Amino acid sequence: MSNVLQLKNLRKSFGEHLVLNDISLDFPAGSATVIIGASGSGKSTLMRCINLLEELSDGQIILDGQDISLYGTAADAVRGQIGSVFRPLI
């Protein structure tokens, strides 16, 4: 099975605060993935980076063989291909 989405060595920092450090994941076609973790562990930041709502500090996001993390990528077109479900605040 091929990967529809790949994260390669993602890094995201806000100033001196490193939030994501060297995150690499493969998302196989036809699969569903759940990302869980403690509050403040970077889950939402990771999802915002994947959906191009946050700019990466370093790394690559490959969607269907295309590097969508490159400058100039049409973010709205990418967002139409990636689905994310955030849990409601309770």
Side-chain angles (χ1 to χ4, degrees):
M1 190 180 320
S2 65
N3 293 318
V4 68
L5 180 67
Q6 291 180 290
L7 310 180
K8 296 182 178 183
N9 308 106
L10 294 191
R11 192 172 142 290
K12 175 64 182 169
S13 59
F14 296 99
E16 296 293 317
H17 184 68
L18 182 61
V19 178
L20 303 175
N21 187 22
D22 197 29
I23 305 295
S24 295
L25 295 168
D26 292 330
F27 298 88
S31 70
T33 301
V34 176
I35 298 174
I36 60 173
S39 178
S41 63
K43 302 175 302 292
S44 293
T45 300
L46 177 64
M47 297 306 299
R48 291 179 59 79
C49 288
I50 292 171
N51 282 297
L52 305 182
L53 296 169
E54 290 286 349
E55 187 175 329
L56 294 175
S57 299
D58 197 11
Q60 292 179 294
I61 302 171
I62 311 296
L63 177 64
D64 287 330
Q66 300 280 350
D67 186 348
I68 64 169
S69 53
L70 294 173
Y71 180 79
T73 297
D76 286 339
V78 168
R79 291 182 197 126
Q81 297 179 56
I82 297 176
S84 301
V85 178
F86 293 89
R87 73 166 180 85
L89 296 175
I90 299 173

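Since the model is a prediction, treat every value here as computed from it, not as a measurement.
- Side-chain contact between Q81 and D64: present, with at least one pair of heavy atoms (C-beta onward) separated by less than 4.5 Å.
- Nearest heavy atoms, S31 versus P28: OG-O, 2.7 Å.
- Looking at R11, its side chain never comes within 3.5 Å of a backbone N or O of G59 through a donor-acceptor pair.
- No chain of hydrophobic side-chain contacts below 4.5 Å, direct or via other Ile, Leu, Val, Met, Phe, Trp or Tyr residues, connects L53 to F14.
- Distance check, rounded to the nearest 0.5 Å: CG of L63 to CG of L7 gives 10.5 Å.
- Annotation: the span from K8 atom NZ to D67 atom CG amounts to 8.5 Å, rounded to 0.5 Å.
- Of all the heavy atoms in R79 and L52, the pair that sits closest is NH2-O, 2.8 Å.
- Considering only heavy atoms from C-beta on, I82 comes within 4.5 Å of I68 through its side chain.
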Please tabulate, for the side chains in residues 17-27, all donor-acceptor contacts under 3.5 angstrom to protein atoms that are two or more places apart in sequence or on a different chain.
{"unit_1": "D22", "atom_1": "OD1", "unit_2": "N9", "atom_2": "ND2", "d": "2.6"}
{"unit_1": "S24", "atom_1": "OG", "unit_2": "N9", "atom_2": "N", "d": "2.9"}
{"unit_1": "D26", "atom_1": "OD1", "unit_2": "Q6", "atom_2": "NE2", "d": "3.3"}

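- Of all heavy-atom pairs spanning S57 and S13, the tightest one is OG-N, 3.0 Å.
- Using a 4.5 Å heavy-atom cutoff, the side chains of V78 and I61 are not in contact.
- For the salt bridge (charged side-chain N to carboxylate O under 4.0 Å, His left out) condition, the pairs that include at least one residue of residues 54-63, sequence neighbours left out, are K12-E54, R48-E54.
- When all heavy atoms are compared, the tightest approach of L10 to Q60 is CD2-O, 3.4 Å.
- The hydrophobic cluster containing V34, built from Ile/Leu/Val/Met/Phe/Trp/Tyr side-chain heavy atoms closer than 4.5 Å, also comprises I36.
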